[in-house]
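Remember, predicted model here, so these are calculated numbers, not experimental data. Note that ligands are numbered from 1 as they come in the structure, with each ligand's atoms numbered from 1 the same way.
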Amino acid sequence: MPTVKDRFLSMLINSTDYISGETASKNLGVSRAAVNSAVMSLRKDGYGIDSSTNRGYMLTSRPDRLDAGSIGAFLSDDRMSDVTVLPVVDSTNTYCKDLAGKGAPQGTVVISDCQTGGKGRRGRSFISPSGVGLYLSYLMRPESGIEKISEITCWTAVAVCEAIKDCYGLDSQIKWVNDLLMNKKKICGILTEASFEAESGTINSLIIGIGINVNEKRADFPDELEQIATSVSIENGEKTFMRSELAAALIKRLDRLASGWPDRHEEYLGSYRRHCITTGNRIAAFTTVAGESEPRTGEALSIADDFSLEVRFDDSGSVTCLKSGEVSVRGLYGYT
Ligand code: BTN
């Protein structure tokens, strides 16, 4: 349930004029004293709120904070009832998985300002500092088998590109299979985790985890990631971008994905192909054989109908379809 403070913040964000104390207390169904205390608490969080004796309250400045009030300003109250916003958590995927186990419905969302044990693909960790990134997990309960999971991950990459475009008007690209890039460096990773029903092989719950580097500065990345990772801010004049607005835009795009699955296959495939910058490039594919990573070089030709990558390898000259999960792909000239 959103608090009085959250709901008042949403009202302030959506109002271009002063809101009188009386209107606020009536709309929120609380006393004037409760409105006053919400104002004081919001000011402590860094929100600029002007108060004028005759006119009431108006928002004059807004920090980049991820809280339920600033996300809820862009979503309905009904939608927000399935959204949990936390200041810190080990992993939003783990928290969301727990909710799924307790019967949470499709569309349940967990967002955190910071993760202490953020998980990446292939058992790696995902560095998730506070105050700069967006870490979001979305629960889906698709009626499909295990083989479809990688397609949902590809649809998600499209949904993230679209949310960034909706919200900030900025273009991003997809590096096969599901990294998002700006200027050829990674701004977002996606980790999808599923639990299955053993007998039927169908998916019980699917947790789509998305980590976006929004406002990191160059110094926030360790040296070994300098050539690989970047943030939306770094690539766009070091401006500060509002993470709450991106969170809301992403939830809308993920809702559209979940309701369109699997029927909108052609639409997502077309959009994936347009955003994908792996095709047409020389690549090296790494397959782990007995613990050793063995690169094979070739040319990435196209994205097949099932989102696999068609590659003509130099050694055999034949075309092979790479499925996500079995290989990782690097560009021969840089990360892409
Ligand atoms: C990758 O690029 O390796 C995938 C990174 C996925 C990170 C996100 S952040 C939100 C969600 N919670 C996690 O623990 N991981 C995913």
Side-chain angles (χ1 to χ4, degrees), residues 66 71 83-101 104 108-140 149-150 152-161 163-164 172-182 184-195 205-216 220-222 224-225 227-232 243-244 246-247 249-251 253-254 257 276 278 286 288 293 324-331 335-336:
L66 265 183
I71 298 168
V83 178
T84 301
V85 186
L86 304 164
V88 57
V89 71
D90 54 351
S91 155
T92 54
N93 269 22
T94 307
Y95 194 99
C96 195
K97 212 183 292 175
D98 285 350
L99 294 180
T108 295
V109 172
V110 178
I111 296 171
S112 185
D113 180 57
C114 166
Q115 295 184 118
T116 52
K119 295 185 282 183
R121 293 177 68 210
R122 297 168 185 271
R124 288 192 279 255
S125 58
F126 188 78
I127 303 168
S128 316
S130 115
V132 285
L134 174 60
Y135 318 112
L136 182 150
S137 297
Y138 187 98
L139 169 60
M140 245 183 105
I149 290 179
S150 65
I152 296 182
T153 306
C154 293
W155 285 39
T156 303
V158 169
V160 180
C161 285
I164 291 173
S172 46
Q173 296 77 39
I174 300 170
K175 170 181 171 288
W176 188 87
V177 57
N178 58 7
D179 283 346
L180 258 69
L181 313 182
M182 270 186 188
K184 301 189 176 178
K185 289 186 183 176
K186 179 167 168 170
I187 55 155
C188 167
I190 300 168
L191 172 70
T192 308
E193 297 183 275
S195 80
S205 67
L206 191 73
I207 312 294
I208 303 172
I210 300 163
I212 308 180
N213 303 330
V214 183
N215 286 319
E216 282 85 347
D220 292 327
F221 294 105
E224 66 271 21
L225 291 185
Q227 297 306 315
I228 294 178
T230 189
S231 70
V232 176
R243 289 171 298 150
S244 55
L246 182 58
L250 190 51
I251 291 170
R253 283 291 175 181
L254 291 169
L257 180 161
C276 184
T278 307
F286 294 80
T288 301
S293 221
S324 70
E326 57 188 28
V327 283
S328 76
V329 161
R330 283 286 174 91
Y335 182 58
T336 53

**Single hit among N213, D179, T230 for side chain to side chain donor-acceptor pair (under 3.5 Å) with K186** =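 Of the listed residues N213, D179, T230, the side chain to side chain donor-acceptor pair (under 3.5 Å) partner of K186 is D179.
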Under a 4.5 Å cut-off applied to non-hydrogen side-chain atoms, are R253 and V160 in contact?
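R253 does not reach V160 side chain to side chain.
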Inset, instruction - Please tell me if the side chains of L134 and L66 come closer than 4.5 Å, counting only heavy atoms from C-beta onward. - result: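 Contact flag for L134/L66 side chains = yes.
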Exercise. Could you tell me whether the side chain of T278 and the main chain of W176 form a donor-acceptor pair under 3.5 Å?
Key: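 Checked: pair present.
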Contact table, ligand 1 N/O with protein N/O, distance under 3.5 Å:
| residue | atom | partner | partner atom | Å |
| --- | --- | --- | --- | --- |
| ligand 1 | 2 (O) | K186 | NZ | 2.6 |
| ligand 1 | 3 (O) | R121 | N | 2.7 |
| ligand 1 | 12 (N) | T92 | OG1 | 3.1 |
| ligand 1 | 12 (N) | Q115 | OE1 | 3.0 |
| ligand 1 | 14 (O) | S91 | OG | 2.8 |
| ligand 1 | 14 (O) | Q115 | OE1 | 3.4 |
| ligand 1 | 14 (O) | K119 | N | 2.7 |
| ligand 1 | 15 (N) | K119 | O | 2.8 |

Should we count CG of L86 as having more than 12 external heavy atoms under 6.0 Å?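 Yes, the 6.0 Å shell around CG holds more than 12 heavy atoms from other groups.
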Review point. So how far is it from I164 CD1 to I212 CD1, rounded to the nearest 0.5 Å?
Key: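 If we round to the nearest 0.5 Å, I164:CD1 and I212:CD1 are 5.0 Å apart.
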